[in-house]
Amino acid sequence: MSATGHLPVAEPAATRRAAWRLIRMDGRAFAGMLALNGLAAIAGLAAPWLLGRIIDEVKAGASLATVDRLALAILVCAVAQTLLSRYASYVGHRFGERTLARIRERFTERVLALPSSAVERAGTGDLTTRGTTDVASVGATLRDAGPDVAIAAVRALFVLVAVFVLDPLLGACGLLSLIGIWFASRWYLRRAMAAYLEEGAANSALAEELASTTGGARTMEALRLERRRLEACRRAIEECRRTRLKTLNLRSVLFPAVDVSHVLPVTAVLLLGGALLMREPSPVTLGTVVAAALYLSRLSEPLNTILEQLELLQSSSASFARVEGLAMAEQPAGVSPVPVDDRIEVSGVRFAYDGGPDVLRGVDLRVRPGERLAIVGPSGAGKTTLGRLLAGMDVPREGSVTVGGVPVAGLDPAQLRERVVLVTQEHHVFLGTVRENLRIAAPSASDAELRAALTAVGADWVDDLPDGLDTDLGHGAHRPDGARAQQLALARVVLADPHTLILDEATALLDPRTARHTERALAALLQGRTVIAIAHRLQTAHDADRVAVMQDGRLTELGTHDELVAAGGAYAALWHSWHGR
């Protein structure tokens with residue numbers, strides 16, 4: 001993970017190793033594709049050579065039967081080439097689809113294994129772009145460009161070998177005439193990868209801007225920030241335009257140079273062949289010159305394929321580097337230390353966002369296992385930031401946040417989800433049935449357990465759905481409102497049964513009566529578990545074992561509700577204000 005919060009991009013060496021691993025996983029199909037392409041190329045080489053033979057035989061006075069036999073051989077080779085090419089393409093496309101499936105599966109596994117802090121800092125735009133645009137680009141290469149380039153490369157190689165076999169001098173002449181393509185391609189390749197990586201980063205930034213703008217549209221309208229957000233989106237769009245023009249300029253240099261270079265080999269061979277035929281005795285026959293010219297004219301087709309797909313190959317290589325970059329953001333493999341208990345300790349914590357001023361200043365807090373702690377305070381006091389540190393979403397700049405003596409942020413994702421679960425106002429309904437949405441937290445849960453979890457959070461409305469637990473949710477199906485989606489999220493928490501639950505305004509979308517009932521039901525169900533509630537509703541603090549008061553990034557008061565009210569400090573003022581006194 002970079003210091004700026006962007007997800008990393010794999011280095012070229014790592015990208016090549018990953019590509020080679022994918023090829024080895026389906027090596028038999030890849031080898032079969034190359035073999036079939038080779039046979040198709042050999043079959044395609046026969047026609048120019050046979051046509052040259054026909055010319056020489058006719059010049060020598062051969063019979064019509066001889067010409068017919070050679071013409072029939074040309075037809076047989078053309079049919080063989082067509083069939084072999086078609087089957088090679090079929091094998092290549094199957095290889096591409098299987099490999100793409102592996103890439104998608106590995107991408108999903110890596111995303112789920114990412115530390116929460118990495119996902120939070122990167123934002124949804126970058127992950128979304130990598131999982132859609134970048135994976136789709138790699139898929140297009142595997143399906144189309146990859147097999148096409150493999151076929152074209154084999155054919156181009158065989159054509160050059162065939163010309164050298166016909167006549168080494170003509171072969172050398174044709175090869176030297178292709179040097180312009182080599183220089184143009186080298187110039188392009190030196191610049192293309194960096195340009196396409198820059199374009200991919202600009203696409204991610206634009207996706208992030210659009211996602212954040214549309215997601216918070218109502219808030220921006222309320223705060224009159226529309227102009228500022230529109231300007232940010234315009235800047236992101238302009239950056240996308242700039243990077244795309246940069247890659248377009250590269251292509252505008254490459255393709256004209258390639259088009260000119262295709263004509264040179266045929267022209268050079270015909271000129272040299274004509275000069276050689278005028279000598280007595282001629283070192284070559286007319287049929288040899290014609291066959292060599294036909295071979296080199298055929299070379300334009302595979303070279304065109306390679307060079308036309310070169311742009312897609314560079315783009316998809318950059319996309320593959322971005323997809324593989326997720327491996328660098330994963331936590332290092334190894335055995336994560338196991339906490340000795342569920343005691344949470346915050347010691348001397350200071351934290352700042354992106355190098356800004358500290359929003360937490362020397363916070364010390366001890367949370368006993370099984371305790372219900374409420375964190376209260378005015379807006380901007382640092383409550384949510386403290387909750388994120390307790391959940392391992394962020395790492396303190398100074399100090400430590402530990403559970404059972406182990407840094408919370410150092411736990412691997414699986415252990416972290418077992419120990420600590422953070423529930424915020426943000427909620428998500430996954431495409432699928434109600435049952436599938438709930439079993440994300442407990443795959444083996446029975447229907448009775450699912451219904452018990454729903455009842456605990458007041459989600460009795462599920463029984464009124466057309467198909468109950470089997471009702472489809474999401475786009476094009478039943479779409480729960482914000483309050484019901486929040487209840488589904490809380491039901492998942494009940495099923496997950498974590499050791500420590502952090503509620504950051506997790507019932508904010510529920511009406512006060514339902515919210516209090518849900519919080520009390522959760523407390524009863526999670527008896528013996530640690531519950532930390534970040535709340536604006538002070539009734540939540542009244543029901544807690546202890547209350548922590550945050551002000552200006554510091555923990556200023558800590559005690560029971562009655563103790564703090566009696567002390568007459570900041571909490572007492574909040575409590576009296578809450579009751580209108």
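Because the structure is predicted, anything quoted here is derived from the model rather than measured.
- No side-chain donor-acceptor contact under 3.5 Å links Arg439 to the backbone of Ser444.
- With salt bridges taken as basic N to acidic carboxylate O contacts below 4.0 Å, none links Arg372 and Asp543.
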Criterion side-chain contact (heavy atoms from CB on, under 4.5 Å) on Leu558 and Leu365, from CA distance to verdict
CA-CA 9 Å; Leu558 182 64; Leu365 178 65; 4.1 Å; yes
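- You'll find the side chain of Leu389 stays beyond 4.5 Å of the side chain of Val346, heavy atoms only.
- Of the possible donor and acceptor atoms, none in the side chain of Lys383 sits under 3.5 Å from a partner among the backbone N and O of Met550.
- Side-chain contact annotation: Thr385 with Tyr353, donor-acceptor N/O pair under 3.5 Å present.
- Looking at heavy atoms from C-beta onward, Thr560 lies out of side-chain contact with Asp545 at the 4.5 angstrom threshold.
- A salt bridge links Arg361 and Asp552; the closest N-O separation between the charged side-chain nitrogens and carboxylate oxygens is under 4.0 Å.
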Worked check of side-chain contact (heavy atoms from CB on, under 4.5 Å) between Asp472 and Asp467:
CA-CA 8 Å; Asp472 286 322; Asp467 299 311; over 6 Å; no
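- Under 4.0 Å is where a charged nitrogen must lie from a carboxylate oxygen, and between Glu226 and Arg229 no such pair does.
- No more than 12 heavy atoms of other residues, nucleotides or ligands sit less than 6.0 Å from atom CZ of Arg241.
- For Arg227, the CZ atom sits in a loose shell: 12 or fewer heavy atoms of surrounding residues, nucleotides or ligands are nearer than 6.0 Å.
- A salt bridge links Glu198 with Lys246: the closest approach of a Lys/Arg side-chain nitrogen to an acidic carboxylate oxygen falls below 4.0 angstrom.
- Residue Thr530 holds its OG1 atom at 9.5 Å from CG of Leu373, rounded to the nearest 0.5 Å.
- Using a 4.5 Å heavy-atom cutoff, the side chains of Gln551 and Pro378 are in contact.
- Ion pairing between a basic and an acidic side chain is recognised when a charged N comes within 4.0 Å of a carboxylate O; Asp463 and Arg451 show such pairing.
- Atom NE2 of His576 and atom OH of Tyr571 lie 10.0 Å apart (nearest 0.5 Å).
- For the residue pair Leu210 and Cys233, the shortest heavy atom distance occurs at CD2-SG, 4.1 Å.
- With Glu371 contributing its side chain and Val531 its backbone, the two residues share no donor-acceptor pair below 3.5 Å.
- By the 4.5 Å heavy-atom criterion applied to side chains, Val138 and Asp134 are not counted as neighbours.
- At least one donor-acceptor pair under 3.5 Å links the side chain of Asp364 to the backbone N or O of Gly348.
- Between Val135 and Arg104, some side-chain heavy-atom pair lies under the 4.5 Å cut-off.
- For the pair Ser347 and Arg366, the minimum side-chain heavy-atom distance is below 4.5 Å.
- Salt-bridge check for Glu231 with Arg228: failed, with every basic side-chain N at 4.0 Å or more from each acidic carboxylate O.
- Heavy-atom contacts from other residues, nucleotides or ligands closer than 6.0 Å to CZ of Arg102 number more than 12.
- Side-chain contact annotation: Glu199 with Thr247, donor-acceptor N/O pair under 3.5 Å present.
- Summarising the geometry of Ala572 relative to Gly568, their closest heavy-atom pair is CB-CA, 3.6 Å, with the distance given to 0.1 Å.
- In this structure, a donor-acceptor pair under 3.5 Å is absent between the side chains of Asn203 and Arg130.
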Assess the residue pair Ser317 and Thr15 against the criterion (side-chain contact (heavy atoms from CB on, under 4.5 Å)); give the C-alpha distance rounded to whole Å, side-chain angles, the decisive distance to 0.1 Å, and a yes or no.
CA-CA 8 Å; Ser317 295; Thr15 305; 5.8 Å; no
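- Closest non-hydrogen pair, Ala445 versus Leu495, comes out as CB-CD2, 4.3 Å.
- For the residue pair Thr433/Asp470, the side-chain donor-acceptor check at 3.5 Å is not satisfied.
- Between atom CG of residue Leu469 and atom CG of residue Asn437 there is a gap of 11.0 Å, rounded to the nearest 0.5 Å.
- Atom CH2 of Trp575 sits about 11.5 Å away from atom CG of Leu564, to the nearest 0.5 Å.
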After noting the C-alpha distance and the side-chain angles of Arg244 and Leu248, does the key distance pass the side-chain contact (heavy atoms from CB on, under 4.5 Å) rule?
CA-CA 6 Å; Arg244 291 190 182 186; Leu248 177 61; over 6 Å; no
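- Here the straight-line distance linking atom CG of Asp394 with atom CZ of Phe351 works out to 4.0 Å at 0.5 Å rounding.
- Between Leu555 and Val549 the shortest side-chain heavy-atom distance does not fall below 4.5 Å.
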Please list every donor-acceptor pair under 3.5 Å in which a side-chain atom of residues 397-411 meets a protein atom from a residue at least two apart or in another chain.
{"from": "Arg397", "atom 1": "NE", "to": "Asp358", "atom 2": "OD1", "distance (Å)": "3.1"}
{"from": "Arg397", "atom 1": "NH2", "to": "Asp358", "atom 2": "OD1", "distance (Å)": "3.1"}
{"from": "Arg397", "atom 1": "NH2", "to": "Asp358", "atom 2": "OD2", "distance (Å)": "2.6"}

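- Smallest separation of non-hydrogen atoms from Gly325 and Pro8: O-CG, 3.2 Å.
- Within 6.0 Å of atom CD in Glu238, more than 12 heavy atoms from other residues, nucleotides or ligands are found, so the atom counts as buried in its surroundings.
- At distances below 3.5 Å, not a single donor-acceptor pair connects side-chain atoms of Glu209 with backbone N or O atoms of Ala236.
- Leu450 is listed as a side-chain neighbour of Arg435, based on a closest heavy-atom distance under 4.5 Å.
- Between atom CD1 of residue Ile532 and atom CG of residue Leu386 there is a gap of 8.0 Å, rounded to the nearest 0.5 Å.
- Paired with Glu324 under the rule side-chain hydrogen bond (donor to acceptor under 3.5 Å, both in side chains), one option of Arg110, Arg106, Arg17 passes, and it is Arg110.
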